[in-house]
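Proteins come first, then strands; the chains are lettered A, B, ... in the order of their sequence lines, and each starts at number 1.
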4 protein chains.
Amino acid sequence: MARKKIDKTDAILQAALKVFAEHGFNGAQISKIAKEAGVADGTIYLYFQNKEDILTTVYRTTLTGFTQLLTDRLKETLNADAAIHAICEILFTFMEENVHIAYLNIVELRQHPMELRKEISQYTSPFFRLIEDVLQKGKEEGAFRPNLEVKHARRLLFGAMDQVISSWLISGRKYSLTSLIESTTEFLIKGLK
Amino acid sequence: MARKKIDKTDAILQAALKVFAEHGFNGAQISKIAKEAGVADGTIYLYFQNKEDILTTVYRTTLTGFTQLLTDRLKETLNADAAIHAICEILFTFMEENVHIAYLNIVELRQHPMELRKEISQYTSPFFRLIEDVLQKGKEEGAFRPNLEVKHARRLLFGAMDQVISSWLISGRKYSLTSLIESTTEFLIKGLK
Amino acid sequence: MARKKIDKTDAILQAALKVFAEHGFNGAQISKIAKEAGVADGTIYLYFQNKEDILTTVYRTTLTGFTQLLTDRLKETLNADAAIHAICEILFTFMEENVHIAYLNIVELRQHPMELRKEISQYTSPFFRLIEDVLQKGKEEGAFRPNLEVKHARRLLFGAMDQVISSWLISGRKYSLTSLIESTTEFLIKGLK
Amino acid sequence: MARKKIDKTDAILQAALKVFAEHGFNGAQISKIAKEAGVADGTIYLYFQNKEDILTTVYRTTLTGFTQLLTDRLKETLNADAAIHAICEILFTFMEENVHIAYLNIVELRQHPMELRKEISQYTSPFFRLIEDVLQKGKEEGAFRPNLEVKHARRLLFGAMDQVISSWLISGRKYSLTSLIESTTEFLIKGLK
DNA sequence: TATGAATGAGGGTTCATTCAT
DNA sequence: CATGAATGAACCCTCATTCAT
């Protein structure tokens with residue numbers, strides 16, 4: 001029973017991720033999501049409060065999963081430079097393997113009223129904190145310059161990588177995203193020295 | 001007469017910029033824009049084809065103005081490093097002085113159907129080309145590393161700066177954006193070496 | 001279930017017939033039709049594509065029904081003169097019993113862009129062909145004059161009857177339409193001899 | 001001055017006739033009529049009360065002119081049969097020479113709320129009375145059958161001719177209307193005997 | 001739980017009419 | 001008299017949400 005409930009919730013979230021990514025929040029009708037999930041329109045409201053709740057949940061589960069993945073991987077890294085490399089590698093690989101999430105990110109992350117955006121940023125912050133931890137440790141280890149403002153640096157890092165991903169998507173994914181890991185990492189690490 | 005027409009066009013564009021920035025494209029009702037501009041709903045359609053046309057025009061005028069400003073300023077720069085500094089300075093200063101444009105940028109730039117997005121990218125590309133020119137020249141001058149892929153580097157640069165601006169806006173502009181010019185420039189230039 | 005769907009489709013068509021007949025296509029607001037049908041505005045769009053689709057469907061069902069009725073009746077007629085009489089009788093009787101259809105006919109039949117008109121003429125042509133068949137057979141049987149141009153004669157016939165109906169409606173139906181069957185038939189048959 | 005006023009009134013009426021005929025009442029925007037007439041939108045309201053007033057006036061002037069023409073011609077006819085022939089000839093010839101009026105007739109004559117239609121029928125009645133006079137005289141002369149109900153016969157006559165004109169227009173005027181005078185007249189006269 | 005038919009508020013756009021110049 | 005910019009009411013259609021089954 002509980003199992004069934006999770007299955008259906010999942011089906012809806014999967015469907016929503018796809019439809020949101022393809023059409024954006026406004027272009028994603030509930031009926032489209034329902035059809036994609038193989039349930040009735042009304043059923044969706046048994047699992048979610050409203051359309052916004054679906055989007056929020058999609059973000060939460062997605063980002064939680066990604067953050068967990070990154071956390072695990074960072075434990076294996078030996079030094080700050082390797083950690084930066086790992087972050088970029090994990091991010092690019094993950095996006096190349098989960099294109100819907102990548103699209104959702106650029107299509108939706110920036111288009112909402114401040115209110116909703118704050119709700120969403122709640123789920124990005126663990127990811128951001130991971131980056132900041134790496135930067136902080138790198139600073140303490142002497143790998144990065146001592147006057148580095150960690151939060152600001154995190155924004156520069158994330159912004160740069162995010163833009164690379166966006167451009168790749170907008171181009172229609174005509175080239176490999178992971179092939180850009182090395183050159184991107186070089187830029188980032190040098191910038192932090 | 002002609003003067004009056006320009007005035008009204010301008011009033012509508014100003015209003016539209018504000019309302020689009022505050023509510024996004026979908027949340028911006030024509031009636032809201034009209035009220036803000038101090039005209040009747042129908043009047044807007046004497047100056048613009050439709051809602052999309054307003055957004056497009058806002059982008060065009062806005063970005064054209066900014067690009068012109070940047071072009072002029074870049075002529076005065078002596079070397080590649082100074083040019084990078086100038087780009088960041090002009091961008092941050094402009095955004096701090098034109099908050100609506102800044103908001104519009106993060107709220108709208110990425111949320112539209114591909115068709116409209118291509119229309120818009122038409123107006124961002126001159127700006128991007130300016131950055132690329134600087135990078136190319138810097139490469140040739142030996143200021144940046146020789147294996148730099150110009151387009152990719154432009155994305156890294158723009159993404160990093162863009163994210164700094166976004167974060168500043170999302171924070172509610174609680175700190176000064178221009179105060180971040182130096183630290184941002186340092187990151188960018190080092191990354192390019 | 002299916003039953004219910006048909007009922008609602010029918011209710012909307014009935015309402016539409018009435019409202020179209022009273023106000024014409026342009027004067028017939030969807031909300032008026034919805035109210036008359038006892039449904040919400042949006043419900044109409046669950047059964048029809050758009051306003052035009054409603055009108056088209058009204059015509060189709062209406063004219064199909066009438067043509068069927070006439071076809072059946074014509075099978076029983078013995079000669080050409082009787083057939084002409086039957087056509088007039090069926091037409092006048094039908095219109096007297098279905099006033100809305102009569103009104104719709106004169107209010108709407110001729111007022112639309114060519115495109116829509118062609119769509120509609122699709123449903124009138126079976127009726128016209130029935131008349132033409134009668135005329136052709138009458139010609140062959142020697143009941144009508146041999147140099148009769150069938151299509152032209154059909155227009156004369158239909159026009160004459162149609163005008164009688166129109167005048168009757170415009171008069172406010174102050175007299176009986178069916179009482180004019182004999183005199184009308186006499187005119188038509190003599191004209192064809 | 002007075003002359004000028006008439007000129008402009010005329011220009012507007014000519015333009016309105018054309019635009020109404022081409023697009024129907026609802027499809028005929030005031031701005032279209034104004035442009036066609038070579039005046040400003042507002043100017044139209046110096047000469048007419050509103051859009052409906054323009055249509056009404058177009059009908060009045062048009063039909064008055066035609067009725068006058070017919071009156072003159074009927075004076076020359078020697079007998080009832082010749083008069084019927086004359087009516088058909090004048091009507092078909094006039095319509096072939098004034099296509100806009102012909103179109104206006106079928107596009108508009110039947111599409112209006114009863115109120116407006118009665119206003120218009122005011123201007124058609126002189127024409128109808130002319131036909132009725134011919135029929136009455138023919139009855140008295142013994143040219144037509146004695147039990148002929150004049151009004152009813154007029155409707156049959158007019159309806160038949162009107163339909164021939166309509167079909168001709170709808171066909172795109174691919175054949176000559178006047179070539180149908182003889183066959184039409186034959187039908188009408190025989191029907192009246 | 002699940003369904004999907006029904007709801008009805010909301011919004012972009014048109015265009016007859018007005019009025020300041 | 002003439003202009004045409006401005007007005008704003010009106011209307012078709014969409015779609016998130018509800019609720020009877």
Side-chain angles (χ1 to χ4, degrees), chain A residues 1 4-5 8 12 25-35 37-54, chain B residues 1 4-5 7-9 12 25-35 37-54, chain C residues 1 4-5 7-9 12 25-35 37-54, chain D residues 1 4-5 8 12 25-35 37-54:
Chain A
M1 196 73 86
K4 209 171 172 184
K5 180 153 186 172
K8 203 151 277 189
I12 294 169
F25 185 76
N26 288 292
Q29 293 98 317
I30 288 290
S31 60
K32 240 185 245 167
I33 296 174
K35 194 177 214 177
V39 301
D41 291 20
T43 305
I44 288 188
Y45 288 85
L46 298 175
Y47 295 87
F48 298 93
Q49 304 266 333
N50 51 36
K51 202 177 162 187
E52 203 174 294
D53 184 30
I54 305 175
Chain B
M1 194 77 83
K4 209 170 174 180
K5 184 150 189 173
D7 285 357
K8 203 150 278 188
T9 303
I12 294 169
F25 185 75
N26 287 292
Q29 293 100 317
I30 288 291
S31 59
K32 238 183 251 170
I33 297 174
K35 192 177 230 177
V39 299
D41 290 21
T43 304
I44 290 191
Y45 290 86
L46 297 176
Y47 296 88
F48 299 93
Q49 303 270 332
N50 50 37
K51 201 178 162 185
E52 202 173 296
D53 185 30
I54 305 175
Chain C
M1 193 78 84
K4 209 170 177 182
K5 183 152 191 172
D7 285 357
K8 201 148 279 188
T9 304
I12 294 169
F25 183 76
N26 287 292
Q29 294 99 317
I30 289 290
S31 59
K32 237 184 251 170
I33 296 174
K35 191 178 233 177
V39 299
D41 290 22
T43 305
I44 291 191
Y45 290 87
L46 297 176
Y47 295 88
F48 299 93
Q49 303 270 333
N50 50 38
K51 203 177 161 187
E52 203 173 295
D53 185 30
I54 305 175
Chain D
M1 196 73 86
K4 210 169 169 185
K5 178 153 187 172
K8 203 151 278 189
I12 294 169
F25 185 74
N26 287 294
Q29 293 97 316
I30 289 289
S31 60
K32 240 185 244 167
I33 297 174
K35 193 176 215 178
V39 300
D41 291 21
T43 305
I44 289 188
Y45 288 86
L46 298 175
Y47 295 88
F48 299 92
Q49 305 266 332
N50 51 36
K51 201 177 161 187
E52 202 174 295
D53 185 29
I54 305 176

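The partner of F:dT21, taking Watson-Crick or G-U wobble pairs whose two distances both stay under 3.5 Å, is E:dA2. Look at F:dA9: its Watson-Crick or wobble partner, with both distances under 3.5 angstrom, is E:dT14. When both distances must be under 3.5 Å, the Watson-Crick or G-U wobble mate of F:dT14 is E:dA9.
Comparing C:S31 and B:G38 against DNA chain F, the residue whose closest nucleotide sits nearer the 5' end is B:G38. Along DNA chain E, the nucleotide nearest to D:D41 and the one nearest to C:D41 differ in position, and the one closer to the 5' end is contacted by C:D41.
Taking atom CG of B:D7 as the reference point, atom C1' of F:dA6 lies 15 Å away to the nearest angstrom. In this structure, CZ of D:F25 is placed 10 Å from C1' of E:dA16, rounded to the nearest angstrom. Whole-Å rounding puts the D:Y45 OH to E:dA16 P distance at 6 Å. In this entry the distance linking CD1 of C:I33 with P of F:dC13 reads 10 Å, nearest Å. One can place NZ of D:K35 at 16 Å from C1' of F:dT3, the figure rounded to the nearest angstrom.
Between F:dA6 and B:Y47, a contact under 4.0 Å exists linking OP1 or OP2 to a side-chain N or O. Using a 4.0 Å cut-off, some side-chain N or O of C:K8 falls inside it from OP1 or OP2 of E:dA6.
Ranking E:dG12, F:dA6, E:dT3 by closeness to the B:T43 side chain, first place goes to F:dA6. If you check F:dC15, E:dC15, F:dC12 against the side chain of A:Q29, the one that comes closest is F:dC15. Side-chain proximity of A:A40 to the nucleotides E:dT17, E:dG4, E:dA2 is greatest for E:dG4.
Of the candidates C:I12, C:I30, C:T43, C:F48 forms a side-chain contact (heavy atoms from CB on, under 4.5 Å) with just one, namely C:I12.
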